[in-house]
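Below: one structure, written as structure tokens.
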2 protein chains.
Amino acid sequence: MAAMTQLDLSERSAGRAAQLADAGANHKLGRKRDLTRDPAILDAALEVLAETGYDGMTIDMVAARAKAGKATLYRRWPSKAELVFDAIACMKQGEIDFAQLPDTGTLRGDLVAMIKPPSIKDGEKKLRIMAGLVSMLAKHPDLAEAANTAIVEPRAKVNRLLMRRAMERGEISPDCDIETLALVTPSMVSYRVLILRKPINREYLISLIDSVILPACGLAQTRT
Amino acid sequence: MAAMTQLDLSERSAGRAAQLADAGANHKLGRKRDLTRDPAILDAALEVLAETGYDGMTIDMVAARAKAGKATLYRRWPSKAELVFDAIACMKQGEIDFAQLPDTGTLRGDLVAMIKPPSIKDGEKKLRIMAGLVSMLAKHPDLAEAANTAIVEPRAKVNRLLMRRAMERGEISPDCDIETLALVTPSMVSYRVLILRKPINREYLISLIDSVILPACGLAQTRT
DNA sequence: TATATACGGTACTGTTGAGTTTCGGATATA
DNA sequence: TATATCCGAAACTCAACAGTACCGTATATA
């Protein structure tokens, strides 16, 4: 096979994510596969990915981080590319619980209530992971889609929901372009972290809400 | 020397950008260095960078693209890392001429007048270059600063200037957060190109102006 | 025209890292 | 307890690529 410096998922196998469903079916003799190693390895892959990026990441680094043998990784994934793909696809950390979103009665209250230190920290880690993948997204739509689903879409979804609710109760005009406005914060936060290399903190997020989002929704700035 | 998969600019030399000033001083015998090769090589480096990213880019690719020998590149730059750094630092393509910015009398008119197909195309190429560098910016502040100066800051500067002018003539409120608002378009365009992998066109840019920027400045949406 | 030197091209070296193989030890099943 | 097999570790192969060395040619200067 030719050079594979970059990811090649053109003929991907089922993927670990899909295989998580079928548990047993292996009734021979001897020892079963240790299923507890999978998440440890995938977590290690995400950590290394965040620290070094895809190209800087080596299989040995991931194996060492997970205290696993390199052969163990290759017994489970056919290549580095597939390992990374599954690591992204299986990323469930920091998932937002849509059942208990804030409901303060005002859009500003809801948006501000979404700002929590653990959420910020989780977001920054996800963006560092994304930074290591950006250069590959162009050539691998599969990966781009998985990264979107796991990293960026959840945040946008929350904003869309909170804004739609504000629109339904008449707080903001029905002319507001929710689709676009829901991406303002994710976009500007990504830009700030990935390109400007500046930190994300509560002050910055609040300034985005008060200087951009709310005014764009036709709400006057009501700072405390 | 140890591994250098990634850029190491800890003890960079003067850099080609700084050397552009002194022309002659070489009065020996024989042939002088062919100065016309430099821009060709740097342009080739930018092209390859945009297509493959830093790690995917090889010196042979750049040499072939510039129709130059590999040795010629190493006669001018001590390493791949320095070549890339200078390619970014010397990037002057698509520089905005601040002397003749649009002045239509309204902020919307000025912002819309900035939308031109060549400008869009140039912006997308610059962002593709940026995509290939993102994973390195974290570890190399020098490069991050050069990339900012060459790629993102010029756009933000124009927006700041147009908005400041609108503020001075009383079109928008003095409370507007120009620093933040000037980054809305660059951020959202970057996000759309780098992460969402969607194209930039006139419609999208106008929707950003009408749905986000102008409302956030307190101006009612006045679509045609 | 004569000469020194920069050029493009190619062959080389050394290192890095993906993926494979091997092996002794651990462990769940029988 | 016996055994099949999965584990971690380490040694291995092989290809790619950064960087170097060298060669015949082109060309600007003297």
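Heavy atoms only: backbone and side chains are in, while hydrogens, waters and symmetry mates are out. A, B, ... follow the sequence lines: proteins, then strands. Residue 1 opens every chain.
Here the P atom of nucleotide C:dT16 and the CE atom of A:M61 are 12 Å apart, to the nearest Å. Separating the CG atom of B:D34 from the C1' atom of C:dT5 is a distance of 13 Å, rounded to the nearest angstrom. In this structure, the CG atom of B:L83 is 10 Å from the P atom of D:dG19, given to the nearest Å. As a whole-Å value, the separation of B:D55 CG from C:dT16 C1' is 13 Å.
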Produce the list of close N/O pairs, under 3.5 Å, pairing protein atoms with atoms of nucleotides 8-14 of chain C; give distances to one decimal.
{"from": "C:dG8", "atom 1": "OP1", "to": "B:R37", "atom 2": "NE", "distance (Å)": "3.0"}
{"from": "C:dG8", "atom 1": "OP1", "to": "B:R37", "atom 2": "NH2", "distance (Å)": "3.2"}
{"from": "C:dG8", "atom 1": "OP1", "to": "B:K67", "atom 2": "O", "distance (Å)": "3.4"}
{"from": "C:dG8", "atom 1": "OP2", "to": "B:G69", "atom 2": "N", "distance (Å)": "3.4"}
{"from": "C:dG8", "atom 1": "OP2", "to": "B:T72", "atom 2": "OG1", "distance (Å)": "2.4"}

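Nucleic acid contact class of A:M57 (heavy atoms, under 4.0 Å, all strands): sugar-phosphate only.
Under the side-chain hydrogen bond (donor to acceptor under 3.5 Å, both in side chains) criterion, A:D103 pairs with no residue at all, not counting sequence neighbours. Legend: residues meeting side-chain hydrogen bond (donor to acceptor under 3.5 Å, both in side chains) with B:R160, ordered by chain and number and at least two apart, are B:E153, B:E179. With sequence neighbours left out, the side-chain hydrogen bond (donor to acceptor under 3.5 Å, both in side chains) criterion links A:D110 to A:T104, A:R165. Here A:T58 pairs with nothing under the side-chain hydrogen bond (donor to acceptor under 3.5 Å, both in side chains) rule; sequence neighbours left out.
For residues 180-198 of chain A, every residue pair satisfying the side-chain hydrogen bond (donor to acceptor under 3.5 Å, both in side chains) rule, not counting sequence neighbours, is listed here: A:D177-A:T180.
Side-chain polar atoms of A:R128 and B:S135 form no donor-acceptor pair below 3.5 angstrom.
Taking only side-chain nitrogens and oxygens, B:K32 never comes nearer than 4.0 Å to OP1 or OP2 of D:dA28.
Residue B:R33 places its side chain closer to C:dA6 than to any other of C:dT20, C:dA6, D:dG19.
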